[in-house]
Amino acid sequence: MEIAQEIHEQCGPLFGTSEVKAHRLSHGVPLSDIVAQVQALFEVDGKPRPRIGETLLSAYESGYKRPGPEYLHYLCAVYRVDPDRLGYQNPCICGRGHASPVAAEAAVPQPRVPQGRPVQESGAALEGAVLVPMRDESRWMTVNESIRGLDRAAGPISIDVGEEDIVLRRTLLQLLAGAGVALDGQFLGAVDNLRRKMDDTLVNATVSPTMLDQWEETTLGYGQSYQATPSLRMLCDVLLDFSEVRRMVDKRQPVDLQERLCRIAAQLSGLSGLIMINLGDHRLARSFFRTARTAADETGDRKLRAWVTVREALVPMYYGDPREALHLARKAQDLAGRDPSVAAAMAPAVEARALGMLAMRGRSDAGPGAQRALLRGRSVFERLSRDDTGDLVFGFTDRQMTFYEGDTYTNLGDHRNGDEHLSRALTLYDSNDKVDLTLVRLDRASCRLHAGHPDAALSTAQEAILDLPPDHRSDILVHRALQIGAAVKAKHGEVPQLKPFYEALAGPWVKSPTAPPATRPVPPSEQV
């Protein structure tokens with residue numbers, strides 16, 4: 001308790017460390033351990049599994065949310081302190097104090113140990129289901145480790161439908177019913193928990209899983225419908241299958257079929273990462289690509305790993321530093337090797353786009369490098385099979401290659417060549433390819449800006465967004481349109497059309513389907 005108080009006093013003024021966070025830091029445990037302990041206390045108390053997750057607990061620690069009476073009671077039980085020590089003045093609903101060991105043991109339900117089963121052979125006791133120091137070891141033992149130890153004694157742990165599936169199915173039903181769905185902490189927590197479970201399963205698996213032909217067909221089907229389906233709806237469908245694949249991996253199926261199922265896991269996780277890019281959550285996107293790398297490593301297929309890496313490069317391409325995108329694109333080329341493959345063709349094209357962005361920022365050597373990368377990418381692309389050029393997700397199509405060429409020329413300031421390639425790309429894309437088709441239109445708006453026509457650039461970008469159905473107006477598209485507005489402001493100042501442009505993008509009919517209630521985009525002139 002004294003350590004927690006010291007952490008709060010020293011770090012609070014500097015970093016805003018709350019009292020509840022200070023208690024967790026004083027124990028030296030991650031958010032996941034506290035969540036597991038709260039969930040375990042609910043279970044031993046005979047209550048349904050709570051919806052608390054790392055996202056919600058983080059919100060408590062940062063002060064964005066306040067725990068309800070029940071969650072506050074269990075947090076006090078975990079930390080063995082009264083609410084005021086966690087920064088909350090209301091008394092606990094149990095009516096008893098949590099500070100003293102006796103009171104804590106009386107207030108906190110004790111784990112029920114199956115009859116005839118030893119509690120612990122190593123000398124460590126559960127002691128009230130809180131953080132307990134091992135008597136013969138220097139590390140801390142958490143309640144979830146203790147309970148897992150008891151479960152292992154009884155045999156393998158069975159996996160059933162989890163809370164994540166319930167959240168995803170409920171969200172999918174709301175979307176099918178036409179209801180508005182916000183990308184809240186509960187949904188994001190369920191998504192990340194599901195990804196973490198797949199990570200745990202892949203890392204811990206000793207015998208490889210099986211895979212039915214229908215899962216491969218289903219995954220390829222997602223590649224065909226990826227652009228035509230609203231991002232949030234697609235995410236729910238993909239993750240429900242992702243959850244089922246995870247359960248199949250955990251069944252420890254014959255080794256000879258390991259590669260097929262891990263390949264599906266890598267593809268579904270990579271696809272989820274792409275969708276999270278569209279939805280604007282680059283943190284979860286990176287996490288899904290990390291899971292995809294773990295699954296791809298299980299297959300031993302360097303081309304699959306290269307595909308994951310080059311797709312991951314799109315995260316910093318749209319939401320980060322183009323230098324990181326350049327690094328990942330070159331890493332993907334090394335993994336792909338010299339044989340023609342999807343990643344071997346796409347990686348040089350992504351490298352060219354990243355170099356084009358760096359050239360636009362003033363890097364003098366980037367322009368020639370971008371043009372050489374385009375030539376390499378087109379050369380490899382011409383040698384791809386028809387199967388490799390027929391899918392927007394797991395392949396690399398002619399319309400994508402042409403789009404990447406147009407985007408690169410646009411960033412290099414060659415608006416004539418850029419507009420020529422982008423115009424051709426528009427004729428190649430299907431009207432259902434909402435994301436890329438809109439990105440092409442937004443790139444054409446950039447061409448008009450480079451050609452010295454800011455009003456035409458703004459009107460083209462505005463039309464590209466407003467022409468989309470509301471449930472397709474994902475964050476990546478609105479974000480790209482706002483970047484064009486910022487570029488117009490930086491190059492031409494406060495042109496008359498800039499204000500109505502921002503007002504149009506602030507309309508409630510334009511908001512991203514995953515965003516909270518519409519707020520006005522902040523123009524560069526008002527940004528801090």
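It should be emphasised that the depicted structure is a prediction, and the values quoted were computed from it without experimental measurement. Note that the numbering runs from 1 along the sequence shown for the chain.
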### Inter-residue atom distance His472.NE2 - Leu477.CG, 0.5 Å rounding
10.5 Å
#### Entry: Donor-acceptor contact present, side-chain Asp419 to main-chain His415, <3.5 Å
no
### Message
So that I can tick it off, tell me whether Glu382 and Arg378 are bridged by a salt bridge, with the cut-off set at under 4.0 angstrom between side-chain N and carboxylate O.
### Response
yes
### Message
Please check: side-chain N/O of Ser58 versus main-chain N/O of Glu54, any donor-acceptor pairing under 3.5 Å?
### Response
no
### Message
Would Ser243 and Asp165 count as a side chain to side chain donor-acceptor pair (under 3.5 Å) here? Give the steps.
### Response
CA-CA 7 Å; Ser243 181; Asp165 300 76; 2.8 Å; yes
### Query
Between the side chain of Ser459 and the main-chain N/O of Ala456, is any donor-acceptor distance below 3.5 Å?
yes
### Query
Of all heavy-atom pairs between Ala336 and Ala306, which one has the smallest distance, and what is that distance?
N-CB, 3.8 Å
### Task
Could you grab the distance from atom OG of Ser272 to atom CG of Leu279, nearest 0.5 Å is fine?
10.5 Å
### Task
May I ask you to check if Arg353 and Phe403 form a cation-pi contact, with NZ or CZ under 6.0 angstrom from the six-membered ring centre and within 45° of the axis?
yes
#### Entry: Ser474 OG to Ile275 CD1 distance, which is reported to the nearest 0.5 Å
10.5 Å
### Message
Using a 3.5 Å distance criterion without hydrogens, assess whether the side chain of Thr299 forms a donor-acceptor pair with backbone atoms of Ala296.
### Response
yes
### Message
Any non-hydrogen side-chain atom of Asp398 less than 4.5 Å from a side-chain atom of Thr389?
### Response
no
### Task
Evaluate the criterion side-chain contact (heavy atoms from CB on, under 4.5 Å) for residue pair Asp471 and Arg233; output intermediate values, then yes/no.
CA-CA 9 Å; Asp471 54 356; Arg233 165 65 191 278; over 6 Å; no
### Query
Is there a side-chain contact between Leu56 and Tyr71, using heavy atoms and a 4.5 Å cut-off?
yes
### Task
Check the side chains of Gln227 and Asn432 for a donor-acceptor pair under 3.5 angstrom, ignoring hydrogens and angles.
no
#### Entry: Nearest heavy atoms of Ala329 and Ala313, plus distance in Å
N-CB, 4.3 Å
#### Entry: Working for side-chain contact (heavy atoms from CB on, under 4.5 Å), residues Leu235 and Phe187
CA-CA 11 Å; Leu235 182 65; Phe187 181 82; 3.8 Å; yes
### Task
Report yes if some heavy atom in the side chain of Glu463 is under 4.5 Å from a heavy atom in the side chain of Arg441; otherwise report no.
yes
### Query
Any side-chain heavy atom of Ile277 sitting closer than 4.5 Å to one from Met317?
no
### Query
Do the side chain of His327 and the main chain of Arg323 share a donor and acceptor less than 3.5 angstrom apart?
no
### Query
Under 4.5 Å between any side-chain heavy atoms of Met198 and Leu268, yes or no?
no
### Task
Tell me, with the steps shown, if Arg480 and Ser446 meet side-chain contact (heavy atoms from CB on, under 4.5 Å).
CA-CA 10 Å; Arg480 180 74 182 99; Ser446 292; 3.0 Å; yes
### Query
Is the side chain of Asp433 donor-acceptor paired with the backbone N or O of Asp436 at a distance under 3.5 Å, no angle test?
no
### Task
Check the pair Tyr404, Phe396 against ring-ring contact (aromatic ring centres under 6.0 Å, His included), reporting the backbone distance first and the verdict last.
CA-CA 11 Å; Tyr404 282 25; Phe396 191 51; 5.6 Å; yes
### Task
Scan Val342, Leu274, Thr219 and name whichever one has a side chain to side chain contact (heavy atoms under 4.5 Å, CB included) with Val393.
Leu274
#### Entry: Within 6.0 Å of NZ in Lys491, more than 12 heavy atoms from elsewhere
yes
### Task
Compare every heavy atom of Leu220 with every heavy atom of Asp391, then report the nearest pair and how far apart it is.
OD2-O, 3.9 Å
### Query
For the residue pair Ala332 and Ala347, what are the closest heavy atoms and their distance?
CB-CB, 4.0 Å
## Note on the structure
Exactly one candidate in Lys331, Arg293, Arg286, Arg290 meets side chain to side chain donor-acceptor pair (under 3.5 Å) with Glu312; the answer is Arg293
### Message
Please determine whether side-chain contact (heavy atoms from CB on, under 4.5 Å) holds for the pair Tyr502 and Leu482, giving the CA-CA distance in whole Å, both sets of side-chain angles, and the decisive distance to 0.1 Å.
### Response
CA-CA 8 Å; Tyr502 280 115; Leu482 292 174; 3.7 Å; yes
### Task
Output yes when a side-chain donor or acceptor of Thr309 lies under 3.5 Å from a complementary backbone atom of Leu328, and no otherwise.
no
### Task
Evaluate the side-chain proximity of Leu168 to Phe242: yes if any heavy-atom separation is below 4.5 Å, no if none is.
no
### Task
Indicate yes or no for a side-chain donor-acceptor contact from Ser18 to the backbone of Glu61 under 3.5 Å, with no hydrogens or angles considered.
yes
### Task
Please round to the nearest 0.5 Å and tell me the distance separating atom CZ of Arg372 and atom CD of Glu351.
9.0 Å
### Task
Specify the closest pair of heavy atoms between Ala425 and Arg399, including all atoms of both residues, with the distance to one decimal.
CB-O, 4.2 Å
### Summary
Scanning both residues in full, the closest heavy-atom pair of Ala292 with Ser269 reads N-OG, 3.4 Å
#### Entry: Side-chain ion pair, Asp192 and Arg283, N-O less than 4.0 Å
yes
#### Entry: Exercise: do Thr460 and Arg444 side chains pair donor with acceptor under 3.5 Å
no
### Query
If you measure from the Lys or Arg side-chain nitrogens to the Asp or Glu carboxylate oxygens, is any gap between Asp334 and Arg330 under 4.0 Å?
no
### Message
Any heavy-atom pair between the side chains of Gln400 and Tyr429 that's under 4.5 Å?
### Response
yes
### Task
Taking only Lys NZ, Arg NE, NH1 and NH2, and the carboxylate oxygens of Asp or Glu, determine whether Glu405 and Arg424 approach each other closer than 4.0 Å.
no
### Task
Output the distance between atom CD (Gln174) and atom SG (Cys236), rounded to the nearest 0.5 Å.
9.0 Å
### Task
Walk me through it: do Tyr318 and His282 pass the test ring-ring contact (aromatic ring centres under 6.0 Å, His included)?
CA-CA 9 Å; Tyr318 287 107; His282 52 85; over 10 Å; no
### Query
Can you find a heavy atom in the side chain of Leu449 that is under 4.5 Å from one in the side chain of His492?
yes
### Message
So, taking the atom named CZ in Phe289 and the one named OG in Ser287, what distance separates them when rounded to the nearest 0.5 Å?
### Response
11.0 Å
